[in-house]
Amino acid sequence: MSEAKIEAWLEEDREFAPSEAFSAQANAQPSIYDEAAKDPVAWWREQANRVTWDVAPTSTLEWELPNAKWFADGMLNASVSCVDVHVREGRGDRVAFNWVADAEGESRVITYHELYREVCRTANALIELGVKKGDRIAVYMPMIPEAVFAMLAIVRLGAIHSVVFGGFSADALASRILDSDCRFVVTADGAFRRGAATPLKPAVDEALKSCPDVSAVLVVKRTDGAVDWVEGRDHWWHDIVERQSASHEPESFPAETPLFIMYTSGTTAKPKGIFHTTGGYLTQAATTYYYVFDVKPETDVCWTAADIGWITGHSYIVYGPLINGVTQIMYEGLPDSGGRDRWWKIISHYKATILYTAPTTIRTLMKWGHQIPEGYDLSSLRLLGTVGEPINPEAWMWYRKNIGGSRCPIVDTWWQTETGAILCSPLPGITATKPGAAMRALPGISVAVVDDAGNEVGNNSGGYLVVTAPWPSMTRGIWGDPDRFMSTYWARFPGKYFAGDGAKLDAEGDLWLLGRVDDVMNISGHRLSTTEVEHALVGHHAVAEAAVVGASDDTTGQAIVAFVTLKLSADDADKDQAALIEELRAHVASVISPIAKPRQIILTPELPKTRSGKIMRRLLRDVAENRSLGDVTTLTDPTVVNMIAGLMDTSATAED
Ligand code: WTA
């Protein structure tokens, strides 16, 4: 599919109207927008009935910017809404998860009743290990069912999970454990990726050297590898969980009880502990899952192809789908574990009806060729979703045609770790879709696009995306740092939530997301800050200064390009540049994660600086994206940037 063809489509205002067949069956009816707009807070109170309350709330919103309380006098237990209620109401035999291992042929079916028993056992084990209400617990796990059991067991006790993506390094894990003072860790000995076992527990052992307050580590045995063991601290899951009682009486907690912390990159070197509370978050996760994905719990087989280590996994593998009582696919492996047709094998085998993934994955699947999905029966699919980064029209069209058989609506869902749940998306069956547009705010949500002065822009204009009214699943703040919460999100445009994204309204007033406007990069849908990577680079003994930019990349959306000046020691002087660059890339991977490895590192004698000594990132981004250079007159030495452009042309691009 050529760019020219895409352009032509866009010029003719390519728009897909909802099909009548879909509309007739859709969960959402067109009146939903007006109903919600009449009184959004009352509308959300209605939606809160999707959650199971022990004491139904009589209060709705208490709002004192930037602090919101939703449904504050309600009492509930999050795990009851996700699990117990389905068993209690006779849905215990319904499959909650079809878990599919990395290795072909290995799978597990978990019904809601079994999920109940596993969550209770895990909760009882955590009690035995000393977990109490309000404790923070790090979860550092592969995509195995025990990760979900652990999350639900933790919140069942009124404790708070902080899930750390299994791809993060020991350093990254340690800093997250320390920041929120986690006293417990749940992990596995290792994980499987494309058939190979990779260790996980050694990173925990390493991290805990600097976290003396962690008293217990619960370890799932997933591989055959040997692990180091700290007697008294480490406990095998199979030793302690399996012998527990399979029932547990849940306690009720106030709606504003913290539910979880999720660390995400901001514009500084230190990731922020975004935390969410119970009643509002669950309400919006459940409501958005119901309407945006149009789920029919009796018949749908839903697959959110994300990792539980990210917010998408929290809201749309764990909380949203389970409250709705749907059947899901949970997959441990990579898209090409066992072959590049693995996803299509899974979809055709389980007759998946809904698939939710990220543009970067769609672009990878697209590169592998449409012939691969063509070999499989994907006719069970009825809805496709995308999240995490702007989707380019070409990928959108490919997804629609080759995966969705030109029949499935595509929901391009915009949201963030901070928003907790989807805020902008078409509603299937109601909203027309355009390739690359998130279209509009959901019912009950108010967003606007504003200019630098905070004034709303009209159609055919761009600016910054802001949210203009509080919403139930909004973050309640940054763990331990209320000032930073106010200054990061609420100070740029007084009275409005500043998302950090650029956006435009097209001629018809439909919303398009344009990417970050701050120093946050989006690499394959993963958020990383430029400063975080710079920090890691200057932590290497050979590096004097580093400037990092996110350059556009055909597959990963953005890729990291680092410009580095060296303070060479005698040792390093002997190394060739290629070896040193590899060493620096490995260093970043070990400090943060392999996802943070720069695609390119350019060693340069100087960085372009303004007369006031600021590094000119804008110019470096131009260099990294091969654009002609803009205004260089404010630079101390304008020749530096041309020299760097020359170095860029000859530098190697890493594939991994
Ligand atoms: C980006 C992921 C365009 C955006 C749920 C946002 C998107 C950041 C979209 C949040 C989308 C997410 N279109 N951009 N549909 N969805 N983004 O916290 O820049 O990992 O600010 O949450 O991803 O990333 P986060």
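In listed order, ligands and their atoms are each counted from 1. No hydrogens, no waters, no symmetry mates; every other heavy atom, side chains included, goes into these values.
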Tyr289 six-ring face occupied by Arg50 cation (under 6.0 Å, within 45°): no
Check ion pair Asp554-Lys367 (N to O, under 4.0 angstrom): no
Salt bridge Asp452-Arg492, side-chain N to carboxylate O under 4.0 Å: yes
First-shell residues of ligand 1 [heavy atom, distance under 4.0 Å]: Ile311, Thr312, Val387, Gly388, Glu389, Pro390, Asp412, Thr413, Trp414, Trp415, Gln416, Thr417, Asp501, Leu513, Arg516, Asn522, Arg527
Those residues that, when tested against Tyr497, pass ring pair (Phe, Tyr, Trp, His ring centres under 6.0 Å) (two or more places apart): Trp471, Tyr489, Trp490
Mutual orientation of the aromatic rings belonging to Tyr319 and His161 [parallel < 30°, tilted 30-60°, perpendicular > 60°]: parallel
Heavy-atom pair of closest approach, residues Thr555 and Arg363: O-NE, 2.9 Å
